[in-house]
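Note sheet for the following structure.
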Amino acid sequence: MIINPTKKALPIFNRLTKVTDPAAAKNFAQANPFFSWHANYYTVQRKKVVVLANDLTYATVVLYDINAKNKKQLDQYIVAGIRAAFTLVGIADKQIDAYLDMAGKVELNAGFDRRVTGVITKLISMAELYGLTDPQQVIQTELMADLMQIPFLHTKYNFTEPAVTAAFKDNLVIVDSAKFAITNAYQVKKTWSSYHYWDKYENDQVLLADGDRYEKVMAAVQANNQLLLNEFKNYLSNAKGLSRKVVNKHAANSEIFINEFMLYYTIKTPLKAGDEVAEYLAEWFPRKIAYSPSDIQTNATSLRKFFDFLVISGEINQATGIAAKTAIKNGVNAGIEHMRLIDNLSDFF
């Protein structure tokens, strides 16, 4: 059984046995979400309250006052809490025993699924609203029962009880994570045209002198870019499991780069994006769009994901993608310095 805390929560779990291969453990968790739990914590009067949610069903465990002394037994509390959670939604002891036997020992990895951590964030908000029901107990069964009445999106809007019941019926089996990864590898659906068609227009002085013709060529590139961005959004949603809000943010940030900056001075397609991204983050974006250094960093995060997609889609090779990541890092540093100098000059005048 894999426990995947947030980075903030990792110190609470440092007495658990760490997985030997984090990448393999993540693959196992993705292939077998019923045997994977994400975790975070909040505090009540300086006491740490750990909240775990099952990756598949969002079954919830709440453990009160996990401190330096009792976290030595945290693996035992987790197992007992899982048993309590499943019992609360009507699962028989025999079935729970089978689950725990199949799950194996509790092992520690790191959080990776933003959907589940987002659910935990909402659970914590509700837990703080409901309050603890028995501060004398580590396993907060009454609070767990209340939290598992909250509907969340699984395959459809559903409550934890039917989700857990269905999981015990259909998912009480260990899936080969290697085969799962091959079967479920994201397949890019390429609906856009080859960008090489527009190579001839880069730095074309005749085109640059003809405003109407330039606008038509630019519009054609932007239309092709939109098809690319649509698939980029599918990739972020289906392969990375990001929420719609986050997906739209990354796509919008990438769109500014390829539809505005890359076509601002001449016709350049995403094939040349790696050559241009440092200048974009270092000078153009800070000067024209960014309000703060955090805007530059946020945009850089989106562009890293965009370059990952360009590699996966075959538009650029892996070496170009790696070089682009370095260019992004350098561009961010230069862009932040650019904004600092602008702020200093503003203060001077």
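Closest non-hydrogen pair, I66 versus N70, comes out as CA-OD1, 3.3 Å. Across all their heavy atoms, K48 and I12 have their closest contact at CD-CD1, 3.6 Å. Nearest heavy atom pair, residue L63 against residue L74, reads CD1-CD1, 3.9 Å. Closest heavy-atom contact between T269 and Y195: CB-CD2, 3.4 Å. K233 and A251 get closest at one heavy-atom pair: CG-CB, 3.5 Å. For I3 against P5, the heavy-atom pair with the smallest separation is O-CD, 3.3 Å.
With values rounded to the nearest 0.5 angstrom, D204 atom CG is found 7.5 Å from T266 atom OG1. With values rounded to the nearest 0.5 angstrom, I139 atom CD1 is found 12.5 Å from L143 atom CG. Once rounded to the nearest 0.5 Å, the distance linking CD of Q95 with OG1 of T87 reads 10.5 Å. Between atom CD1 of residue I150 and atom OG1 of residue T60 there is a gap of 7.5 Å, rounded to the nearest 0.5 Å. Here the CG atom belonging to L10 is positioned 8.0 Å from the NZ atom belonging to K18, to the nearest 0.5 angstrom. Between the CE atom in M148 and the CG atom in L123 there is a gap of 10.0 Å [rounded to 0.5 Å].
For K72, the NZ atom sits in a loose shell: 12 or fewer heavy atoms of surrounding residues, nucleotides or ligands are nearer than 6.0 Å. For NZ of K249, the number of neighbouring non-hydrogen atoms (other residues, nucleotides, ligands) closer than 6.0 Å is greater than 12.
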Without placing hydrogens or testing angles, list every side-chain donor-acceptor pair under 3.5 Å for residues 256-264, not counting sequence neighbours.
{"unit_1": "N259", "atom_1": "OD1", "unit_2": "N225", "atom_2": "ND2", "d": "2.7"}
{"unit_1": "Y264", "atom_1": "OH", "unit_2": "K288", "atom_2": "NZ", "d": "3.2"}

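Judged as a ring pair (Phe, Tyr, Trp, His ring centres under 6.0 Å), and not counting sequence neighbours, the contacts of F112 are H38. Partners of Y197 according to the ring pair (Phe, Tyr, Trp, His ring centres under 6.0 Å) rule, which considers only residues two or more places apart in sequence or in another chain, do not exist here. Listed by chain and number, the residues in a salt bridge (charged side-chain N to carboxylate O under 4.0 Å, His left out) with E276 are K268 (sequence neighbours excluded). Contacts of D295 classified as side chain to side chain contact (heavy atoms under 4.5 Å, CB included), with partners at least two apart in sequence or in another chain: F285, A290, Y291, S292. Listed by chain and residue number, K190 satisfy the salt bridge (charged side-chain N to carboxylate O under 4.0 Å, His left out) test with E315 (two or more places apart in sequence, or in another chain). Applying the ring pair (Phe, Tyr, Trp, His ring centres under 6.0 Å) rule to F306 yields the partners F232; only residues at least two apart in sequence or on another chain are considered. With sequence neighbours left out, the side chain to side chain contact (heavy atoms under 4.5 Å, CB included) criterion links T301 to H250, R304, K305. Listed by chain and residue number, nothing satisfies the salt bridge (charged side-chain N to carboxylate O under 4.0 Å, His left out) test with D55 (two or more places apart in sequence, or in another chain). D210 is linked by a salt bridge (charged side-chain N to carboxylate O under 4.0 Å, His left out) to nothing, counting only residues two or more places apart in sequence or in another chain. Judged as a side chain to side chain contact (heavy atoms under 4.5 Å, CB included), and not counting sequence neighbours, the contacts of V188 are Y186, W192, E231, F309, I312, S313.
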I328 and F307: CA distance, side-chain angles, deciding distance, side chain to side chain contact (heavy atoms under 4.5 Å, CB included) verdict: CA-CA 10 Å; I328 289 172; F307 277 101; 3.8 Å; yes

Using the side chain to side chain contact (heavy atoms under 4.5 Å, CB included) rule, take V217 and W198 through it: C-alpha gap first, then chi angles, then the decisive distance, then the call. CA-CA 8 Å; V217 173; W198 289 281; 3.9 Å; yes

Test side chain to side chain contact (heavy atoms under 4.5 Å, CB included) on Y42 and V44; report intermediate values, then the result. CA-CA 7 Å; Y42 65 105; V44 175; 3.5 Å; yes

List the steps, then state whether side chain to side chain contact (heavy atoms under 4.5 Å, CB included) holds for N27 with Q30. CA-CA 5 Å; N27 288 339; Q30 291 175 317; 3.8 Å; yes

Stepwise, does the salt bridge (charged side-chain N to carboxylate O under 4.0 Å, His left out) test hold for D75 with R15? CA-CA 9 Å; D75 58 341; R15 299 303 292 267; over 6 Å; no

Given F152 and F159, is the ring pair (Phe, Tyr, Trp, His ring centres under 6.0 Å) satisfied, shown in steps? CA-CA 7 Å; F152 284 106; F159 291 91; 9.6 Å; no

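Follow the hydrophobic side-chain contacts under 4.5 Å out from V62 and you reach L129 in the same cluster. Placement of I322 and V277 in two distinct hydrophobic clusters is found when ILVMFWY residues are connected by side-chain heavy-atom separations under 4.5 Å, directly or transitively.
Side-chain contact of N299 with S302: a donor-acceptor pair under 3.5 Å is absent, judged by distance alone. Side-chain contact, N54 with T57: a donor N or O sits under 3.5 Å from an acceptor N or O. Checking N333 against E337 by side-chain atom types alone, no donor-acceptor pair falls below 3.5 Å.
For the pair K26/N4, no side-chain contact is recorded, criterion being any heavy-atom separation below 4.5 Å from C-beta on. Side-chain contact check for V49 versus T43: every heavy-atom pair is 4.5 Å or farther apart. When side chains are defined from C-beta on, L303 counts as touching S254, because their heavy atoms get closer than 4.5 Å. A 4.5 Å side-chain heavy-atom check between K71 and N14 finds at least one atom pair inside the cut-off. Between I78 and L16 the shortest side-chain heavy-atom distance falls below 4.5 Å. Looking only at side-chain heavy atoms (C-beta outward), Y64 and V138 stay at 4.5 Å or farther from each other. You'll find the side chain of Y265 stays beyond 4.5 Å of the side chain of L208, heavy atoms only. The side-chain heavy atoms of D212 and Y214, taken from C-beta on, include no pair separated by under 4.5 Å.
Close placement of the F86 and F168 rings is indicated, their centers lying within 6.0 Å of each other.
The stretch residues 96-113 participates, sequence neighbours left out, in these salt bridge (Lys or Arg N to Asp or Glu O under 4.0 Å) pairs: R83-D97.
No side-chain donor-acceptor contact under 3.5 Å links E283 to the backbone of Y280. Between the N317 side chain and the T320 main chain, a donor and an acceptor come within less than 3.5 Å of each other. At distances below 3.5 Å, not a single donor-acceptor pair connects side-chain atoms of S36 with backbone N or O atoms of P33. Y99 places a side-chain N or O within 3.5 Å of a backbone atom of F34 that can act as its donor or acceptor partner. A side-chain donor-acceptor contact under 3.5 Å links D134 to the backbone of Q136.
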